[in-house]
Structures are given as C-alpha cells and as structure tokens.
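Atom set for the values below is all heavy atoms of this structure, side chains included, hydrogens, waters and symmetry mates excluded.
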Amino acid sequence: MKYINSEGRMCSLPEPGAEDLEQRIERLEAQREISEILFHYTRCVDRGDAAGVASCYTEDGCFYPGDNMPGIQGKDRIFRLFTRLLEPNVQTCAHHICNQQLCFLSREEALVYACFRSCKTFSDGRPEENCWGGYELRVLREADGQWRIKSHKCFMNNQTGCETPRQREQLDRPWPPLPEYRL
C-alpha cells in the first residue's frame, strides 16, 4: 500500500517481511485469498444472499454502513441487517470492485482499500439506484486458515436514485485507512 511521506514522495507502507521464497509465495496466495473476500461479498449482495454476506465476517466482525453511523457488530447481527437490506424488489444488482490495495500488518492481519460501483434496478417502479464509493477493511486469517472481515467501513463518493443520497465521504479520509471506529 502506498502513501505520501513528509517530503512529498510516494513510498510503500512498511510491512512484515517475506524473507524467503516460501514466505513470498505465502504472501501472494494470501493476497489472492483476501481479494476473493470482496468478490464473494459483492456476489452475495448482488444475489440477495444475506447468509453468504455474513459468511465473510469473523464471529465478532463489524460492518460500518457509513462514517456517521454506528457499527453493526457480530455475524448474526450482520446477517439480520442484510436480510432487511437485500429486499425482494431488487430486479437487478451489480457491483464492480477495483483499485484494491492491501497492506499486511502481520501474517494473519491486513488492511484493504477498494473502490466500488453498484447499480440496482427495482421491480416496483423506483428509479435506478447508482452508487460509487469505497470499502476499508481489516481482515484476519482465522484458526481454520480462512481470511475473514474483522471490520468493514463503507463510504460513498456519490449516490443517485435513492431517498437519502450520500456523497463526498471520500474526502479527508485518513491514510492508511482506519477501518474501525465507534460502535
């Protein structure tokens, strides 16, 4: 993950080393597995699969729907939230993930930043909803070897076609991302 230092130069954030070939291969495999978390998450959202969404999180994982919103903590509470959010009137839904950046804090923990764009159409005649924004995550490798989301912030750059549009939440965000704040 890159940042700008005090001299205005782009630099890499320090990460725990991968000294030998085996550790470097393990790091590459972990990067792929971590990327798959967001792909799985968005596929489940697009399909209306709340159980699939909840499977992305640790048991005590936390989802922050926005900067000024309290976190939803616990896999069961996240499942109940997405059961309500993934309403049956959605006719089509598609998420696109891009610009993913990753920073390992240890062999079992990483920060992830990614941009998204989503589009929904509705069978009840509501206007099409378009969103674009970002995700900031802290992911952990659990005892079973699987990477899951410990903390997940969602922010909007812009949103159209909904009752309470959100925008410009990308401005003045801390870097590197801080995917956890108040509950």
Original post:
If we only count heavy atoms from C-beta on, is the Met156 to Pro165 side-chain gap below 4.5 Å?
Top reply: no
Subject >> Exercise: identify the closest heavy-atom pair between Gly71 and Cys62 >> reply: CA-SG, 3.8 Å
Original post:
When rounded to the nearest 0.5 angstrom, what is the spacing between CD in Glu29 and CD in Glu33?
Top reply: 6.5 Å
**OP:** Would you check, one step at a time, whether the test side chain to side chain donor-acceptor pair (under 3.5 Å) holds for Ser12 with Lys2?
**Re:** CA-CA 4 Å; Ser12 295; Lys2 300 295 185 186; 2.7 Å; yes
**OP:** Mind checking the CD-CG spacing from Glu169 to Asn158? Nearest 0.5 Å is all I need.
**Re:** 10.0 Å
Subject >> ILVMFWY cluster, Ile34 and Leu105 together (side-chain gap under 4.5 Å) >> reply: no
Subject >> Reported SG-to-CD distance for the pair Cys131 and Gln159, which is rounded to 0.5 angstrom >> reply: 4.0 Å
**OP:** Search all heavy atoms of Cys11 against all heavy atoms of Asn5 and return the closest pair with its distance.
**Re:** SG-ND2, 3.3 Å
Original post:
Should Phe82 and Phe39 be counted in the same cluster of Ile, Leu, Val, Met, Phe, Trp and Tyr side chains packed under 4.5 Å apart?
Top reply: yes
Original post:
Nearest heavy-atom pair of Cys162 and Glu129: which atoms, and what distance?
Top reply: CB-OE1, 3.5 Å
Original post:
Would you say the side chain of Cys154 lies within less than 4.5 Å of the side chain of Phe116, judging by non-hydrogen atoms?
Top reply: yes
Subject >> Heavy-atom closest contact (Pro177 atom, Tyr113 atom, distance) >> reply: CG-CB, 4.3 Å
Subject >> Neighbour count above 12 (heavy atom, 6.0 Å) for Asp144 CG >> reply: yes
**OP:** With sequence neighbours excluded, tell me which residues meet ring pair (Phe, Tyr, Trp, His ring centres under 6.0 Å) with Phe155.
**Re:** none
Original post:
Are the side chain of Lys75 and the backbone of Tyr57 linked by a donor-acceptor contact shorter than 3.5 Å?
Top reply: yes
**OP:** Say whether, by atom type as modelled, one donor and one acceptor occur between the side chain of Gln73 and the main chain of Asp60 under 3.5 angstrom.
**Re:** yes
Subject >> Pair Thr160-Glu128, side-chain contact (heavy atoms from CB on, under 4.5 Å): steps then yes or no >> reply: CA-CA 8 Å; Thr160 62; Glu128 184 176 281; over 6 Å; no
Subject >> Distance-minimising heavy-atom pair for Leu86 and Asp49 >> reply: CD1-N, 3.8 Å
Original post:
Under 4.0 Å between a Lys/Arg side-chain N and an Asp/Glu carboxylate O for Glu109 and Lys150?
Top reply: no
Would you list the atom pairs, donor with acceptor, under 3.5 Å between side chains in residues 95-104 and any protein atom, with sequence neighbours excluded?
| residue | atom | partner | partner atom | Å |
| --- | --- | --- | --- | --- |
| His95 | ND1 | Asp46 | OD1 | 2.6 |
| Gln100 | NE2 | Ser35 | OG | 2.6 |

Original post:
Would you say Leu137 and Leu38 make side-chain contact, with heavy atoms under 4.5 Å?
Top reply: yes
Original post:
Below 4.5 Å, heavy atoms only, C-beta onward: do Tyr64 and Glu136 meet side chain to side chain?
Top reply: no
Original post:
Can you check side-chain contact (heavy atoms from CB on, under 4.5 Å) on His40 and Ser55, steps first, answer last?
Top reply: CA-CA 9 Å; His40 178 76; Ser55 74; 3.3 Å; yes
Subject >> Point-to-point distance, once rounded to the nearest 0.5 Å, from CD of Glu142 to CH2 of Trp147 >> reply: 10.5 Å
Subject >> Check: Cys115 and Trp132 side chains under 4.5 Å, non-hydrogen atoms >> reply: no
Subject >> Shared hydrophobic cluster for Leu13 and Val112 (ILVMFWY, side-chain gaps under 4.5 Å) >> reply: no
Original post:
Can you tell me how far the OH atom of Tyr135 sits from the CD1 atom of Ile37, to the nearest 0.5 Å?
Top reply: 13.5 Å
**OP:** List for me each residue that meets side-chain contact (heavy atoms from CB on, under 4.5 Å) alongside Glu87, sequence neighbours excluded, and say none if there are none.
**Re:** Asn89, Val90, Phe122, Arg126
Original post:
If you measure from CZ on Arg80 to CZ on Arg84, what distance do you get to the nearest 0.5 Å?
Top reply: 8.5 Å
